[in-house]
Structures are given as structure tokens and as C-alpha cells.
Amino acid sequence: MRATLEAIREPGGSLASAMTEETTGLGIGYRWSTLAAPGPEAGAPPRPGIQERGALPGDRAPDAPCLDAATGGTTHLHRTCAGPHTTVLGFGPASAAVLREVAVAYGNADVRTCRVYAPHEDRGTPPPGSLVDDQGHAATAYTTALVVVRPDHHVGAVASADDPGPVREYPRRPYGAPGTVDVTRQG
């Protein structure tokens, strides 16, 4: 608060000049939390502004401009993740099978899947809600094939398409085992 007030008092200062990751809360991470699946560097303190290996469990999920794969309209990754649901993002062709598996297993729960295509990928008929990472920002921010984004826009789990276990299992925490999902919780 003090830093914000001081920035505003400076000649030519404004609220915009005081906006930083620290004052907005966007730099806050929870790698130490039990809501963050174990992953690389789990428990390590976050390095503000540095994502050397992409978003890790507990980090705030980065946003990225994208295109709607069905309509070509502009959108943002955070718009897909908005709402009271968990979102599983899939990057690259190898992620498609895991996304289908998660959609079938948790389809009646508050779990959504989203295939994020590279601009050069053949999309055929993309699944509803799919995106195109036309500028490459999403691929830069998320360097793994599979990412679980929690409803609070923090990363819950990351996994490679070769070893998708953490992403398959993560929805069990809030939604139970596949096939045992309590659909009465919705709404």
C-alpha cells in the first residue's frame, strides 16, 4: 500500500505507475501448497517474473492471446479457464488421447478440457472449446503437453504426454475417482 501511495504522489504518477506483480497479486504462487501436485522444483520458492521451464504446479496460470479453433475469433486462454471449473489444457497431438480420457472420466463434474493447437497443426474438426496458439505465447508459457488449471487460475499439475499420470489423477482430489463423480454437486 505504501509503495502504491508513493508512486501516485510522484509528479506524473498514477495508479497505473504503481501496478506491479506484487501490488496486483499476480506474482503470488503456491508451489508449497497441497493443491499443487508434486512436480519439478516442487516446494522451491518462485522466482518472480522468471519462467525458465514454463508454469509449474502452484504458479499462477499465464494468460495468452489465442484464436477460437472453430470460428477464428480472437480470445484469451484465461477466458477458457474462467468459471468455477478445473480446466485441463493439452498441447500437441499426443495430448489428444489424454484429454478425451479426462473428458469421459470427469465429464459430469466441473472439469473441462481444452486442446491448444499450434498454428501449423492440422485441426481437422476441432473439439468444441479448442484454441489456436497463433502467436506462440501459450506454448512459451506452458512448456509441457498437459496442464491442469485450477478454478483460481493457478496450475495444479503438469505432465508430459508420455507420462500423464499427474494430470489424470489430479481431478480425483476435488471430484473423486472417475465414474464416482457426484453430479448433484453441480450448480
Thr113: partners by side-chain hydrogen bond (donor to acceptor under 3.5 Å, both in side chains), with sequence neighbours left out: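 Thr113 satisfies side-chain hydrogen bond (donor to acceptor under 3.5 Å, both in side chains) with no other residue.
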
Taking the side chain as C-beta and beyond, is there a heavy-atom pair between [X] and [Y] under 4.5 Å?
X      : Y      : result
Val88  : Val147 : no
Arg172 : Tyr106 : yes
Val102 : Val111 : yes
Val158 : Leu146 : no

Tyr142 side-chain N/O to Pro62 backbone N/O, donor-acceptor pair under 3.5 Å: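 Yes, because the side chain of Tyr142 sits within donor-acceptor range (under 3.5 Å) of the backbone of Pro62.
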
Polar side-chain atom of Asp163 near backbone of Ser160 as donor-acceptor pair, under 3.5 Å: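 No: the side chain of Asp163 does not pair with the backbone of Ser160.
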
Side-chain donor/acceptor pairs under 3.5 Å, residues 116-133, sequence neighbours excluded:
unit_1, atom_1, unit_2, atom_2, d
Glu121, OE1, Arg115, NH2, 2.4
Glu121, OE2, Ala118, N, 2.9
Asp122, OD1, Gly124, N, 3.2
Ser130, OG, Pro127, O, 2.7
Asp133, OD1, Gly136, N, 3.2
Asp133, OD1, His137, N, 3.1
Asp133, OD1, Ala138, N, 3.1
Asp133, OD2, Ala138, N, 3.3
Asp133, OD2, Ala139, N, 2.8

All side chain to side chain contact (heavy atoms under 4.5 Å, CB included) counterparts of Arg100, not counting sequence neighbours: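 Arg100: side chain to side chain contact (heavy atoms under 4.5 Å, CB included) contacts with Ala96, Ala97.
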
Partner residues of Thr74 under the side chain to side chain contact (heavy atoms under 4.5 Å, CB included) criterion, sequence neighbours left out: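 Listed in chain order: Leu67.
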
Atom pair CZ/OG1 of Arg112 and Thr86 - distance to nearest 0.5 Å: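 Those atoms lie 10.5 Å apart.
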
Spatial distance of atom SG (Cys114) from atom CG (Leu77) [nearest 0.5 Å]: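 Answer rounded to 0.5 Å: 6.5 Å.
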
Val155 versus Ala55, closest heavy-atom pair with distance: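 Answer, listing the atom of Val155 first, then Ala55: CG2-CB, 3.8 Å.
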
Where at least one partner belongs to residues 63-86, residue pairs that pass salt bridge (charged side-chain N to carboxylate O under 4.0 Å, His left out), sequence neighbours excluded: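 As it turns out, there is no salt bridge (charged side-chain N to carboxylate O under 4.0 Å, His left out) pair with a partner in residues 63-86 once direct neighbours are skipped.
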
Qualifying ring-ring contact (aromatic ring centres under 6.0 Å, His included) pairs with a residue from residues 54-85, counting only residues at least two apart or across chains: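 For residues 54-85: His78-His153.
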
